[in-house]
**Student:** 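Please find one structure pasted underneath; my questions will follow.
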Protein chains: 2
Amino acid sequence: MTTLWDRSRQVAVEQILDTAVRLFVEQGYEQTTIAQIAREAGISQRSLFRYFGTKEDLVCGDQEALGALLKRTVEQQPAELSPWDALRAGFELVLTANHTPERVLELSRLIFATPSLHARYIEKRLRWQADLVPVVQVRLGGGVGATPDPRAKAIVATVFACVDAATELWAQSGGRLDLAELYDQCLGAVRGDA
Amino acid sequence: MTTLWDRSRQVAVEQILDTAVRLFVEQGYEQTTIAQIAREAGISQRSLFRYFGTKEDLVCGDQEALGALLKRTVEQQPAELSPWDALRAGFELVLTANHTPERVLELSRLIFATPSLHARYIEKRLRWQADLVPVVQVRLGGGVGATPDPRAKAIVATVFACVDAATELWAQSGGRLDLAELYDQCLGAVRGDA
DNA sequence: CGCCTACTTGGCATTAACTGCCAGAAAAGC
DNA sequence: GCTTTTCTGGCAGTTAATGCCAAGTAGGCG
């Protein structure tokens with residue numbers, strides 16, 4: 001059952017998030033202090049840090065859930081799919097299940113424009129990569145407990161690199177280009193179509 | 001001419017760097033404070049921050065020079081080389097021109113073991129990537145001032161992803177495996193050899 | 001309803017990474 | 001030797017983040 005605490009918590013999260021993103025976009029990430037966000041969101045600094053462990057989490061916070069979703073989706077792809085196709089299917093789901101497109105565009109711009117944010121974003125995705133390597137390794141036919149297979153690590157890293165390249169191009173285009181199409185172009189340039 | 005300031009500066013940098021890396025390895029990056037490094041290196045905290053702008057720079061600092069070297073090397077490869085081969089040649093040079101192998105191993109372990117360091121390290125290398133994209137784009141035959149070519153961005157990102165994967169595997173092996181060989185395995189897994 | 005428990009909240013103090021400022025020391029140049 | 005430039009150290013201050021404790025508030029139960 002959903003208690004009042006859960007509901008008010010969710011409302012508070014939304015409220016804080018809206019305030020934070022608005023301020024970040026208006027005046028820049030570094031120029032916005034936690035104190036200001038807390039003040040404008042009508043909450044104490046201490047509580048803000050309880051909702052979002054770090055300032056960076058206000059922008060790229062809910063990545064843990066997405067990472068788990070990605071892993072599950074890739075795992076559940078039919079066994080005859082190549083690792084490339086399985087990973088592509090996973091990203092197709094994750095990239096659409098994110099937020100509204102406008103919010104994603106706002107956040108992407110912010111992340112690519114702010115080095116410290118970009119670093120934190122990469123850090124979160126490195127965790128996704130580590131989680132996915134064993135999944136891909138199984139799909140490659142290697143034993144699961146065997147020594148780490150360079151191929152699995154390389155494939156996962158490459159897919160993420162192409163997703164990153166496509167996302168940056170998409171953000172630079174102001175969201176006009178199609179993200180999936182950009183990704184296919186990127187991967188095509190890498191895998192012998194050239 | 002080399003002035004006394006330049007010399008003592010270089011000595012100080014080495015001194016600080018040795019102290020910092022030793023402490024990081026002994027007790028971990030996060031557990032080591034700037035105050036402790038400054039104390040043990042016999043320098044004031046204020047001066048330490050003048051030599052190294054951030055704590056992370058103590059580990060992955062001197063990357064700007066290497067990035068320039070990489071770009072120059074790739075540019076000067078013969079025109080008939082594919083982008084892949086040109087980039088490989090560049091990395092071959094950079095990876096050996098770094099430090100002593102033991103120091104590289106120490107630093108690599110540190111970077112891969114500390115998420116925030118790993119992220120910052122990748123962020124620095126994203127700058128290298130941005131510098132290299134136009135170089136690769138020329139090599140692909142596209143005009144230099146044309147709209148950004150997804151292919152160039154994807155190729156560069158993929159090469160870096162494979163270098164990263166190979167480096168991590170190399171560090172995990174304690175430096176016993178051959179880095180160039182690992183890189184070739186990684187890239188082979190990506191480019192249709194599989 | 002009244003009460004006890006569990007969880008949340010906010011304020012306070014503290015730490016750690018930085019930054020700006022200023023006075024003093026040391027090297028450079030003449 | 002004297003002036004100018006550059007470096008150094010200390011000090012205060014800012015910001016993100018954490019621990020602690022007292023006060024408030026929802027939830028369950030007799």
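Remember, it's a predicted structure, so these values are computed and weren't measured experimentally. Proteins get letters first, then strands, A, B, ... in listed order; numbering begins at 1 in each.
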**Student:** Determine whether B:Asp164 and B:His118 make a side-chain contact, defined as any pair of heavy atoms from C-beta on separated by less than 4.5 Å.
**Tutor:** yes
**Student:** Give me the residues of residues 11-21 of chain A where at least one heavy atom lies under 4.0 Å from an atom of DNA chain C, by number, or none.
**Tutor:** none
**Student:** Mark up nucleotides 12-17 of chain D, 5' to 3', with B wherever a protein heavy atom is under 4.0 angstrom from a base atom, S wherever such an atom reaches only the sugar-phosphate, and - elsewhere.
**Tutor:** ---SSB
**Student:** Report yes if some heavy atom in the side chain of A:Leu126 is under 4.5 Å from a heavy atom in the side chain of A:Ile122; otherwise report no.
**Tutor:** yes
**Student:** I'd like to check A:Ile155 versus A:Leu87 (side-chain heavy atoms, cut-off strictly below 4.5 Å). Are they in contact?
**Tutor:** yes
**Student:** How would you summarise protein contacts on nucleotides 25-30 of chain C per nucleotide, using B for base, S for sugar-phosphate only and - for none, with heavy-atom distances below 4.0 Å?
**Tutor:** --BS--
**Student:** Taking atom P of D:dC20 as reference, at what distance in whole Å does atom CZ of A:Arg50 sit?
**Tutor:** 13 Å
**Student:** Considering all heavy atoms of both residues, which atom of A:Pro78 and which atom of A:Arg139 are nearest to each other, and what is their separation?
**Tutor:** O-NH1, 2.9 Å
**Student:** Below 4.5 Å, heavy atoms only, C-beta onward: do B:Glu80 and B:Asp85 meet side chain to side chain?
**Tutor:** no
**Student:** Just call it for A:Arg9: base, sugar-phosphate, or nothing, with non-hydrogen atoms closer than 4.0 Å on any strand.
**Tutor:** nothing
**Student:** Report the distance from atom CG of B:Asp57 to atom P of C:dA17, rounded to the nearest whole Å.
**Tutor:** 14 Å
**Student:** For A:Ile43 and C:dT8, give me the distance from atom CD1 to atom P, rounded to whole Å.
**Tutor:** 13 Å
**Student:** I'd like to check the side-chain contact (heavy atoms from CB on, under 4.5 Å) partners of B:Asp18; sequence neighbours left out, ordered by chain and number.
**Tutor:** B:Arg103
**Student:** What is the distance, rounded to the nearest whole Å, between atom CG of B:Leu48 and atom C1' of D:dC7?
**Tutor:** 15 Å
**Student:** Could you pull out all residues at least two apart from B:Arg120 that satisfy side-chain hydrogen bond (donor to acceptor under 3.5 Å, both in side chains)?
**Tutor:** B:Glu56, B:Glu123
**Student:** Applying side-chain hydrogen bond (donor to acceptor under 3.5 Å, both in side chains), name anything that partners A:Gln36, two or more places apart in sequence or on another chain.
**Tutor:** A:Gln27
**Student:** Just how far, in rounded Å, is C1' of C:dA16 from CD of B:Gln27?
**Tutor:** 14 Å
**Student:** Apart from A:Phe112 itself, what residues make up its hydrophobic cluster, given side-chain heavy atom links below 4.5 Å?
**Tutor:** none
**Student:** Are the side chains of B:Leu177 and B:Leu169 in touch, meaning some heavy atoms are under 4.5 Å apart?
**Tutor:** no
**Student:** Describe, as an angle rounded to 10 degrees, how the axis at the first end of the helix from C:dC1-D:dG30 to C:dC30-D:dG1 is tilted relative to the axis at the last end, five pairs per end.
**Tutor:** 10°
**Student:** Which ILVMFWY residues can you reach from A:Leu58 by hopping between side chains whose heavy atoms are under 4.5 Å apart?
**Tutor:** A:Val13, A:Ile16, A:Leu17, A:Val21, A:Leu23, A:Phe24, A:Val25, A:Tyr29, A:Ile34, A:Ile37, A:Ile43, A:Leu48, A:Phe49, A:Tyr51, A:Phe52, A:Val59, A:Leu107, A:Leu110, A:Ile111, A:Leu117, A:Tyr121
**Student:** Polar atom pairs between nucleotides 2-4 of chain D and protein, under 3.5 Å, N or O only, would you list them?
**Tutor:**
none

**Student:** Tell me the ring pair (Phe, Tyr, Trp, His ring centres under 6.0 Å) pairs involving residues 66-93 of chain A, sequence neighbours left out?
**Tutor:** A:Phe91-A:Phe160
**Student:** Which residues pass the side-chain contact (heavy atoms from CB on, under 4.5 Å) test with A:Arg88, sequence neighbours left out?
**Tutor:** A:Glu92, A:Ala180, A:Tyr183, A:Asp184
**Student:** Considering only heavy atoms from C-beta outward, does the side chain of A:Gln63 approach that of A:Arg127 to under 4.5 Å?
**Tutor:** no
**Student:** Whole Å only: how far is the OH atom of B:Tyr51 from the P atom of D:dG9?
**Tutor:** 8 Å
**Student:** Over all heavy atoms of both residues, which pair between A:Cys186 and A:Ala166 is shortest? Give the atoms and the distance, please.
**Tutor:** SG-N, 4.2 Å
**Student:** Return no unless some side-chain N or O of B:Ser44 is found under 4.0 Å from OP1 or OP2 of D:dT8.
**Tutor:** no
**Student:** Does any N or O in the side chain of A:Arg191 come within less than 3.5 Å of the main-chain N or O of B:Val190, such that one atom is a donor and the other an acceptor?
**Tutor:** yes
